[in-house]
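Structure first, commentary second.
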Amino acid sequence: AIAKLERGALAAEVEPWLAKAREQEPKEPFLLLAGARFQLACGDSVKAHEELGRAIEILKTRGYHGWAPLYERAARQWGLS
């Protein structure tokens, strides 16, 4: 869904999918990463930074320390760090 947004799909097309996925898995780091990218694409860097921070925190608390640097790199690439 995020790839569709980046290819020019309207936020209204992507938002329902993302909202449903968040409802089902509110603490899934991948969905938080997707949500951060969605917020950034919609121009809300504050919410994007918050979601990405939560994703990194969850990864670390779950012991997925190898994934955290990848998410941190995404933050830098997206200008969120």
Side-chain angles (χ1 to χ4, degrees):
I2 301 305
K4 286 177 72 173
L5 182 68
E6 290 176 341
R7 288 192 303 263
L10 298 175
E13 296 174 49
V14 176
E15 194 168 22
W17 176 88
L18 190 55
K20 185 176 180 179
R22 283 182 182 155
E23 184 179 303
Q24 293 174 355
E25 295 288 339
K27 292 185 177 183
E28 173 57 44
F30 176 75
L31 288 175
L32 290 168
L33 178 68
R37 187 66 188 105
F38 174 78
Q39 296 297 337
L40 189 61
C42 290
D44 193 339
S45 61
V46 173
K47 283 186 180 179
H49 188 269
E50 290 170 2
E51 288 206 35
L52 195 52
R54 280 197 310 261
I56 292 168
E57 174 86 14
I58 290 169
L59 287 169
K60 289 179 178 177
T61 59
R62 290 183 181 176
Y64 298 125
H65 299 286
W67 282 95
L70 298 175
Y71 281 50
E72 290 165 346
R73 186 177 329 135
R76 285 191 302 276
Q77 289 173 339
W78 299 343
L80 297 175
S81 60

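Closest approach of Arg22 to Gly35, counting heavy atoms only: NH2-CA, 3.2 Å. Taking each heavy atom of Ala48 and Gln39 in turn, the nearest pair found is N-CB, 3.7 Å. In terms of heavy atoms, Ser45 sits closest to Leu80 at O-CD2, 3.7 Å. Here the closest non-hydrogen pair linking Leu31 and Glu51 is O-OE1, 4.5 Å. Here the closest heavy-atom approach between residue Arg62 and residue Lys27 is recorded as NH2-O, 3.2 Å.
Counting heavy atoms from C-beta on, the side chains of His49 and Val46 never come closer than 4.5 Å. Residues Pro29 and Tyr64 are not in side-chain contact: their nearest non-hydrogen atoms beyond the backbone lie 4.5 Å or more apart. Using a 4.5 Å cut-off on side-chain heavy atoms (C-beta onward), Leu52 and Leu33 make contact.
Note that the CG atom of Leu59 and the CZ atom of Phe30 stand 12.0 Å from one another [nearest 0.5 Å].
Under the 4.5 Å side-chain heavy-atom criterion for Ile, Leu, Val, Met, Phe, Trp and Tyr, Ile56 and Ile58 are members of distinct hydrophobic clusters. If you chain together hydrophobic residues whose side chains sit under 4.5 Å apart, Leu70 and Trp78 fall into the same group.
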